[in-house]
Engineer: 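Submitted below is the structure of interest, expressed as structure tokens.
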Amino acid sequence: MMNPNKQQRRNLYFFFVFVFYVFILCARFQTSEATKDSSAQVKLQNRRLSSTVVFPVSGNVYPLGYYYVLLNIGNPPKLFDLDIDTGSDLTWVQCDAPCNGCTKPRAKQYKPNHNTLPCSHILCSGLDLPQDRPCADPEDQCDYEIGYSDHASSIGALVTDEVPLKLANGSIMNLRLTFGCGYDQQNPGPHPPPPTAGILGLGRGKVGLSTQLKSLGITKNVIVHCLSHTGKGFLSIGDELVPSSGVTWTSLATNSPSKNYMAGPAELLFNDKTTGVKGINVVFDSGSSYTYFNAEAYQAILDLIRKDLNGKPLTDTKDDKSLPVCWKGKKPLKSLDEVKKYFKTITLRFGNQKNGQLFQVPPESYLIITEKGRVCLGILNGTEIGLEGYNIIGDISFQGIMVIYDNEKQRIGWISSDCDKLPKSEPLYTSF
């Protein structure tokens, strides 16, 4: 018969052993779960950073003069059509505060709701504040004033609101983003302002849409646009749609004080031969309908085109004011296919002569056919409108190519593409 004291000691021993093993198993389980949670967080972050926001694009160079996307803002959401602009960083919409110079009726303007950004906010510090409205009190609203190369301007205040964005995988993500509530629009130029509700700013500044999405951990700071000749196209923010090969890359000018995408210096070629114009810097600007060269480059190209047209069935005409330089045929023209054989490809060669990067502009990417049936030159003299030494590649020369603004690696790239459909993705024109 076992001693009762000995039996109690044995029971106590087994109890402690049992508790010890339970403790070890719980510790292992918790460690395993913690590792799983940590791994899940890493996977989630990686998935978000590899996301890409996608917008269908509509518009044309002529007669509209712009390409635009549709963006829902607010809760409940209201739809706004915005001109895509890689030449400026601030996104803004016409704002019922009330609004001066707005083209949209009040029902289609943005209505602020005590959601202005204070002028002490970091995004406000990246703006050019109006001189007569400095940030005296940190709680004052953040005012902005932005001007454009066509002398149009917008004045307003920064606000934050919900913006649902569609990703390449078809899902919708609701985010709070910062943009301008524009309550004073000026357009002193000879042409009427576009009927869009505002600008989608894609420039390199802190307040640029792609920069905001990168800071939120949603996408990489890479912008892609592809504009078709047929009035369609797509815009994406993120790197999922960037081809893995075949892209021609050149470095962005890192010493440029502006928020533009500038590359260069480049040499200007016509029909693969040098024009003698070298050392030009070029801004890639989707907010510009046409391409602008400085006076020297513009005159060189115009002289070579006119020389080539000697003896051809096209003559200079002043009866069409659509653009400064136009030609007419024996009868009204209906398509560029009728006349593009009389024109040559214009090329910008970045880098050195042997292995430079070539940005080629075929005739269909610098000519338009007007409503009167004339063919007009879509390259304009930038010096005449105050651009001084700036050279701008605009929408007309972006047609039929994918342009990639890679802020992660400070470079810009391009590749011929079918801009009517998205590569490696679902059909573009689905319900939103």
Engineer: Output side-chain donor-acceptor pairs under 3.5 Å for residues 206-213, partner residues at least two apart or in another chain, one line each.
Structural biologist:
unit_1 : atom_1 : unit_2 : atom_2 : d
Ser210 : OG     : Asn221 : OD1    : 2.9
Thr211 : OG1    : Gly205 : O      : 3.0
Gln212 : OE1    : Thr178 : N      : 2.9
Gln212 : NE2    : Thr178 : O      : 2.8
Gln212 : NE2    : Val207 : O      : 3.0

Engineer: Applying salt bridge (Lys or Arg N to Asp or Glu O under 4.0 Å), run through Asp420 and Lys232 and close with a yes or a no.
Structural biologist: CA-CA 6 Å; Asp420 287 322; Lys232 296 181 181 178; 5.6 Å; no

Engineer: Does atom NZ of Lys344 have more than 12 heavy-atom neighbours, drawn from other residues, nucleotides or ligands, at distances under 6.0 Å?
Structural biologist: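 Count over threshold, so yes.
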
Engineer: Do the side chains of Val57 and His225 get nearer than 4.5 Å, heavy atoms only?
Structural biologist: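 A side-chain contact under 4.5 Å is absent here.
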
Engineer: Report the residue from Leu269, Leu304, Ile346, Asp303 that forms a side-chain contact (heavy atoms from CB on, under 4.5 Å) with Thr275.
Structural biologist: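 Looking at Leu269, Leu304, Ile346, Asp303, the match for Thr275 under the side-chain contact (heavy atoms from CB on, under 4.5 Å) is Leu304.
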
Engineer: Do the two ring centres, one from Phe284 and one from Phe359, sit under 6.0 Å apart?
Structural biologist: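 Centroid separation for Phe284 and Phe359: below 6.0 Å.
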
Engineer: Looking at Leu71, Leu82, Leu70, which hits side-chain contact (heavy atoms from CB on, under 4.5 Å) with Phe55?
Structural biologist: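 Answer after filtering Leu71, Leu82, Leu70: Leu71.
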
Engineer: Short question: side chain of Ser397, backbone of Ser365 - any donor-acceptor pair under 3.5 Å?
Structural biologist: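 Side chain of Ser397 to backbone of Ser365, a donor-acceptor pair under 3.5 Å: yes, one is there.
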
Engineer: Please walk me through it: do Ser154 and Tyr144 pass side-chain hydrogen bond (donor to acceptor under 3.5 Å, both in side chains)?
Structural biologist: CA-CA 8 Å; Ser154 174; Tyr144 77 83; 2.9 Å; yes

Engineer: Should the heavy atoms of other residues, nucleotides or ligands under 6.0 Å from CZ of Arg106 be counted, would the total exceed 12?
Structural biologist: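 Open: at most 12 neighbouring heavy atoms sit under 6.0 Å from CZ of Arg106.
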
Engineer: Asn100: which residues meet the side chain to side chain donor-acceptor pair (under 3.5 Å) condition with it, sequence neighbours left out?
Structural biologist: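 Per chain and number, Asn100 pairs via side chain to side chain donor-acceptor pair (under 3.5 Å) with Asp184.
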
Engineer: Any salt bridge (Lys or Arg N to Asp or Glu O under 4.0 Å) involving residues 326-337? Give me the pairs, sequence neighbours left out, ordered by first then second residue.
Structural biologist: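 Qualifying pairs: Asp337-Lys340.
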
Engineer: Distance from Leu200 atom CG to Ser88 atom OG, nearest 0.5 Å?
Structural biologist: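 It comes to 9.0 Å.
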
Engineer: Donor-acceptor pair, Asn294 side chain versus Thr383 backbone, under 3.5 Å?
Structural biologist: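 No.
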
Engineer: Run the side-chain contact (heavy atoms from CB on, under 4.5 Å) test on Val325 and Arg306 for me, step by step, so that the C-alpha distance in whole Å, both residues' side-chain angles and the decisive distance to 0.1 Å come before the verdict.
Structural biologist: CA-CA 11 Å; Val325 177; Arg306 282 178 167 158; 4.0 Å; yes

Engineer: Does Val361 reach the side chain of Ile379, with side-chain heavy atoms less than 4.5 Å apart?
Structural biologist: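 A side-chain contact is absent here, since even the closest heavy-atom pair is not under 4.5 Å.
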
Engineer: Starting at CG of Asp150, measure out to CG of Leu387 and round the result to the nearest 0.5 Å.
Structural biologist: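 Reported to 0.5 Å precision, the distance equals 10.0 Å.
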
Engineer: Kindly write out the residues that satisfy ring-ring contact (aromatic ring centres under 6.0 Å, His included) with Phe350, not counting sequence neighbours, or none if the list is empty.
Structural biologist: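 ring-ring contact (aromatic ring centres under 6.0 Å, His included) check on Phe350 returns Trp414.
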
Engineer: Got Phe343 and Lys312 here, is their nearest side-chain heavy-atom distance under 4.5 Å?
Structural biologist: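 The answer is no; the side chains never approach within 4.5 Å.
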
Engineer: Find the distance between OG1 (Thr315) and CZ (Arg374) and round it off to the nearest 0.5 Å.
Structural biologist: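 Reported value, rounded in 0.5 Å steps: 8.5 Å.
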
Engineer: Enumerate the residue pairs fulfilling disulfide (SG to SG under 2.5 Å) with a member in residues 361-404, sequence neighbours excluded, ordered by first and then second residue.
Structural biologist: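 Those involving residues 361-404 are Cys326-Cys376.
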
Engineer: Please tell me whether Asp83 and Thr196 have a donor and an acceptor in their side chains that are separated by less than 3.5 angstrom.
Structural biologist: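 On atom types as modelled, these side chains do not qualify, holding no pair under 3.5 Å.
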
Engineer: If you look only at pairs with a residue in residues 149-248, which of them pass as a disulfide (SG to SG under 2.5 Å), with sequence neighbours excluded?
Structural biologist: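 For residues 149-248: Cys95-Cys181, Cys226-Cys419.
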
Engineer: Can you list every pair that meets salt bridge (Lys or Arg N to Asp or Glu O under 4.0 Å) and has a residue in residues 388-404, with sequence neighbours left out?
Structural biologist: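 Every pair satisfying salt bridge (Lys or Arg N to Asp or Glu O under 4.0 Å) with a residue in residues 388-404: there are none.
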
Engineer: Could you pull out all residues at least two apart from Gln353 that satisfy side chain to side chain donor-acceptor pair (under 3.5 Å)?
Structural biologist: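 Partners of Gln353 under the side chain to side chain donor-acceptor pair (under 3.5 Å) test: none.
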
Engineer: Is Lys166 close to Val54 at the side-chain level, that is, under 4.5 Å between some pair of heavy atoms?
Structural biologist: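 Answer no - side chains too far apart.
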
Engineer: Please confirm whether the backbone N or O of Glu240 pairs with a side-chain atom of Thr52, one donor and one acceptor, at under 3.5 Å?
Structural biologist: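 Yes; judged by distance alone, with no hydrogens or angles, the pair exists.
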
Engineer: How would you list, by chain and number, every residue that makes a salt bridge (charged side-chain N to carboxylate O under 4.0 Å, His left out) with Lys78, sequence neighbours excluded?
Structural biologist: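 By the salt bridge (charged side-chain N to carboxylate O under 4.0 Å, His left out) rule, Lys78 matches no residue at all.
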
Engineer: Rounded to the nearest 0.5 Å, what's the gap from CG on Leu380 to OG1 on Thr291? Could you check?
Structural biologist: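 Here the rounded value is 8.0 Å.
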
Engineer: Just so I know, are the side chains of Ile280 and Leu348 near enough to count as touching, which here means a heavy-atom distance under 4.5 Å?
Structural biologist: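 The answer is yes, as the side chains (C-beta and beyond) meet within the 4.5 Å cut-off.
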
Engineer: Begin from the C-alpha positions of Asn187 and Gln185 and carry the test side-chain contact (heavy atoms from CB on, under 4.5 Å) through to its verdict.
Structural biologist: CA-CA 7 Å; Asn187 192 76; Gln185 326 304 330; over 6 Å; no

Engineer: Would you call Asp89-Lys259 a salt bridge at under 4.0 Å N-O?
Structural biologist: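 Lys259 and Asp89: salt-bridged.
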
Engineer: Is the backbone of Asn407 close enough, under 3.5 Å, to the side chain of Gln410 for a donor and an acceptor to pair up by distance?
Structural biologist: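 A pair under 3.5 Å: yes.
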
Engineer: Just by distance, do the side chain of Tyr62 and the backbone of Glu371 share a donor-acceptor pair under 3.5 Å?
Structural biologist: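 Checked: pair present.
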
Engineer: For the side chain of Asn391 and the backbone of Gly389, is there at least one donor-acceptor N/O pair under 3.5 Å apart?
Structural biologist: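 Indeed, once roles are kept as given, a pair shorter than 3.5 Å links the two residues.
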
Engineer: When you measure from the side chain of Tyr67 to the backbone N and O of Ser228, does any donor-acceptor pair fall under 3.5 Å?
Structural biologist: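 Confirmed, Tyr67 side chain pairs with Ser228 backbone.
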
Engineer: Is a donor on one side and an acceptor on the other found under 3.5 Å between the side chain of Ser289 and the backbone of Gly65?
Structural biologist: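 Yes, the answer is positive, given that a donor and an acceptor are paired below the 3.5 Å cut-off.
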
Engineer: Sequence neighbours left out, what passes side chain to side chain donor-acceptor pair (under 3.5 Å) with Ser245? Give chain and number order.
Structural biologist: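 Not a single residue meets the side chain to side chain donor-acceptor pair (under 3.5 Å) criterion with Ser245.
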
Engineer: Measuring from atom OH of Tyr110 to atom CD of Gln94, what distance do you get when rounded to the nearest 0.5 angstrom?
Structural biologist: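 These two atoms lie 14.5 Å from each other.
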
Engineer: Is the shortest side-chain heavy-atom distance between Thr86 and Val403 below 4.5 Å?
Structural biologist: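 With C-beta onward as the side chain, the pair stays apart.
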
Engineer: Are any side-chain N or O atoms of Asp137 and backbone N or O atoms of Glu139, one a donor and one an acceptor, separated by less than 3.5 Å?
Structural biologist: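 It does hold such a pair.
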
Engineer: What I'd like to find out is whether the side chain of Met262 reaches to under 4.5 Å of the side chain of Tyr390, using heavy atoms alone.
Structural biologist: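 Touching, per the 4.5 Å side-chain cut-off.
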
Engineer: First locate atom CG of Leu309, then atom CG of Asp316, and finally report the distance between them rounded to the nearest 0.5 Å.
Structural biologist: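 CG of Asp316 is found 8.0 Å from CG of Leu309.
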
Engineer: Could you walk me through whether Asp85 and Tyr148 pass side-chain hydrogen bond (donor to acceptor under 3.5 Å, both in side chains), step by step?
Structural biologist: CA-CA 11 Å; Asp85 187 10; Tyr148 300 94; 5.1 Å; no

Engineer: Could you tell me if the side chain of Asp308 sits less than 4.5 Å from the side chain of Tyr342, heavy atoms only?
Structural biologist: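 Of all side-chain heavy-atom pairs linking Asp308 with Tyr342, none is under 4.5 Å.
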
Engineer: Starting from the C-alpha separation in whole Å, work towards a yes-or-no answer on salt bridge (Lys or Arg N to Asp or Glu O under 4.0 Å) for Asp239 and Lys220.
Structural biologist: CA-CA 6 Å; Asp239 64 348; Lys220 290 185 178 177; 3.5 Å; yes

Engineer: Quick one: list whatever passes salt bridge (charged side-chain N to carboxylate O under 4.0 Å, His left out) with Asp81, sequence neighbours left out.
Structural biologist: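 Testing Asp81 for salt bridge (charged side-chain N to carboxylate O under 4.0 Å, His left out), a comparison that skips the adjacent residues, returns Lys104.
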
Engineer: Sequence neighbours left out, what pairs pass salt bridge (Lys or Arg N to Asp or Glu O under 4.0 Å) with at least one residue falling in residues 262-288?
Structural biologist: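 Qualifying pairs: Glu267-Arg349.
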
Engineer: Is a side-chain donor or acceptor of Ser286 paired with a backbone partner of Ile84 at a separation under 3.5 angstrom?
Structural biologist: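 Pair found, side chain donor or acceptor close to backbone of Ile84.
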
